[in-house]
Amino acid sequence: MTTNTASEKGATRHARYLHTHGVAKVVGLVLVGALAAVSGGAYAFVRHYQGNIDTNNTSFLVAKEKKTKDPSDPDAGHDLNILILGSDSRGGANGSIVKDNNGGQRSDTTIVMHISADRKRMEAVSIPRDSLVDIPACQIDSKGNSTGAAPHTMFNAAFSYGADKAKALGGDDSAQIAGGAACTWQTVESTTGIALDGYVVLDFSGFEGMINALGGVPMCIPTDIDAPKAQLNLKAGYQTLKGKTALGYARAREGVGDGSDLSRIKRQQELMGSIANKVFAQNFLTDSPKLLKFLDAATKSLHTSKTDGGLNLGSITSIGGLGYSLRHLSSSNITFLTIPNGADPTNPNRVVWSEPAASEIWAKLAADKPLTASEEKAAKKATATSTSKATSKASSSTSDKSSTTTKKPSTTTTTKDRDKEGITAADVVSSKAACTS
């Protein structure tokens, strides 16, 4: 593997963004901060939403030099890798939403979200929960408490190990979530070679409230779905999924497709793309009632990390600066991808990452390079367009002559290989006409 280790990368890298129960919540934080950045009387407003967020210090996980903060984007010029975790905890309000008596805490969804240094590209790489990996001994807090190592174990067990250790030490729910996230963080870094900058953990109740605050999410359902365990029953066709139904759609496995976690990940990615499209299509900054309702839901039940001298995902103004820097991001430049994988030869119910494809993805991510051929093509086209405009401007300043250009006829595009190219937010079918055509 050619990726840099966390210690080698140190202060030279950064970046990431999006997730199942999470994309819109992260967008919510971004919008709160963006509003605060443009509103002179936002102090009390920011304090209210800041109080919704549970933040844990993860400085012990990050080795980097402190730097002067840019008030518009504290991490300007650096790419970012953010770990997005969907907790399946049944504690608190979650128990009344998902009534299956499952105890403990696991990371039901894991995404490494990358935000490019130029803020023009965003990738969300999903890690299957059934991946077999070597979980290292994990430090779970600043006191040095650690878990034991667990070789060749299901990836999502890392969260359980960290949470269980924190619980055994007498930690409350917040400490358990922080311990689970810390162990998952170290597992990701040790198995991928990339360095993370922060984490966001989201649960069922917050996701449901956030979807309702959006007024539901439009989705094209290709086939009928009957998934009793996820409390989900849907007919095929164009629909607007409200909170409870959207949560069931994100959670469902049995009774949908082939019942695998991999097919569920693809549905989750489509749901995230649809959420992103709806959030970006609505002008929240000028519709205050809608913004306030969405943000109140988006920041509840949210657990984040902060690092001394580094990324602070618990700060509304900090994440707002990052969000504001992404305001021109196109939905076609938000890519959802699953790390290449295949069935474990000894257990068809588990998966192993496919090599060298998986290592190539992590290496590109570490180097802040486009992950797919489509992204590379788009990046080259953007560079060519930028160069052309600069040349045209220079020519017009020295000549009175006007010129015309003839566009080349567009070539027929081929269908993307979803497993290799993933899906962008722009690819998601989000209109009734497109769904029924």
Side-chain angles (χ1 to χ4, degrees), residues 14-31 33-34 73 75 79-84 86 109-127 197-198 200 202 207 210-211 214 217-220 246 250 265-284 294 298 313 319 322-339 361 364-365 368-382 413 416-431 434:
H14 265 62
R16 228 131 293 208
Y17 165 104
L18 298 210
H19 162 254
T20 302
H21 323 172
V23 173
K25 279 197 173 182
V26 175
V27 172
L29 284 174
V30 162
L31 291 174
D73 180 359
D75 299 283
D79 62 313
L80 292 169
N81 298 317
I82 300 172
L83 183 64
I84 309 295
T109 302
T110 301
I111 292 177
V112 175
M113 186 179 74
H114 183 82
I115 301 173
S116 64
D118 61 10
R119 303 298 186 255
K120 294 181 180 179
R121 196 181 71 254
M122 186 180 296
E123 291 118 353
V125 182
S126 295
I127 298 178
D197 297 281
V200 175
L202 315 123
F207 176 71
M210 177 271 298
I211 292 292
L214 274 177
V217 181
M219 290 292 296
C220 183
I265 285 175
K266 290 184 178 181
R267 291 192 301 276
Q268 290 176 343
Q269 291 170 343
E270 291 167 359
L271 178 61
M272 287 188 285
S274 185
I275 290 173
N277 287 335
K278 183 158 188 178
V279 169
F280 296 159
Q282 298 185 19
N283 196 343
F284 283 88
F294 174 72
L313 290 172
I319 197 67
L322 172 62
Y324 195 67
S325 73
L326 291 164
R327 64 192 180 280
H328 299 307
L329 183 69
S330 167
S331 61
S332 61
N333 290 328
I334 301 174
T335 301
F336 302 90
L337 188 71
T338 303
I339 197 66
I361 290 292
K364 288 180 179 179
L365 191 150
D368 193 23
K369 294 181 178 180
L371 302 186
T372 69
S374 295
E375 286 183 300
E376 290 177 354
K377 183 177 180 180
K380 290 180 180 178
K381 182 178 180 181
T413 57
K416 282 200 283 187
D417 182 336
R418 176 75 183 271
D419 289 335
K420 292 183 178 180
E421 291 290 290
I423 187 173
T424 70
D427 293 330
V428 177
V429 175
S430 55
S431 71

Looking only at non-hydrogen atoms, find the nearest pair between L271 and A246 and report the distance. CD2-O, 3.9 Å
Shortest non-hydrogen contact between I339 and V125, atoms and distance: N-CG1, 4.0 Å
Compare every heavy atom of K120 with every heavy atom of S116, then report the nearest pair and how far apart it is. OG-N, 3.2 Å
Can you tell me how far apart CD1 (I423) and CG (L337) are? Round to the nearest 0.5 Å. 11.0 Å
As an exercise, state the distance from CD of E270 to CD1 of I265, rounded to the nearest 0.5 Å. 12.5 Å
P370: side-chain contact (heavy atoms from CB on, under 4.5 Å) partners, not counting sequence neighbours: R121, E375, E376, A379
List in chain and number order the residues that pass side-chain hydrogen bond (donor to acceptor under 3.5 Å, both in side chains) with S374, two or more places apart in sequence or in another chain; answer none if no residue qualifies. E421
Rounded to the nearest 0.5 Å, how far apart are CG of D197 and CD1 of I115? 9.5 Å
The residue among Q268, E123, Q269 that forms side-chain contact (heavy atoms from CB on, under 4.5 Å) with F336 is Q269
Partners meeting salt bridge (Lys or Arg N to Asp or Glu O under 4.0 Å) with D419 (sequence neighbours left out): K266
Quick one: list whatever passes side-chain contact (heavy atoms from CB on, under 4.5 Å) with K420, sequence neighbours left out. D417
L313 side, atom CG; I84 side, atom CD1 - distance, nearest 0.5 Å: 7.5 Å
Smallest heavy-atom separation, C220 atom then V429 atom, equals CB-CG1, 3.8 Å
Between atom OG1 of T109 and atom CG of L202, what is the distance when rounded to the nearest 0.5 Å? 9.5 Å
Would you please name every residue forming a side-chain hydrogen bond (donor to acceptor under 3.5 Å, both in side chains) with N333, sequence neighbours left out? none
Show your reasoning for whether side chain to side chain contact (heavy atoms under 4.5 Å, CB included) applies to T424 and I334. CA-CA 5 Å; T424 70; I334 301 174; 5.8 Å; no
Who pairs with S274 by side-chain contact (heavy atoms from CB on, under 4.5 Å), at least two apart in sequence or on another chain? V217, P218, M219, V428
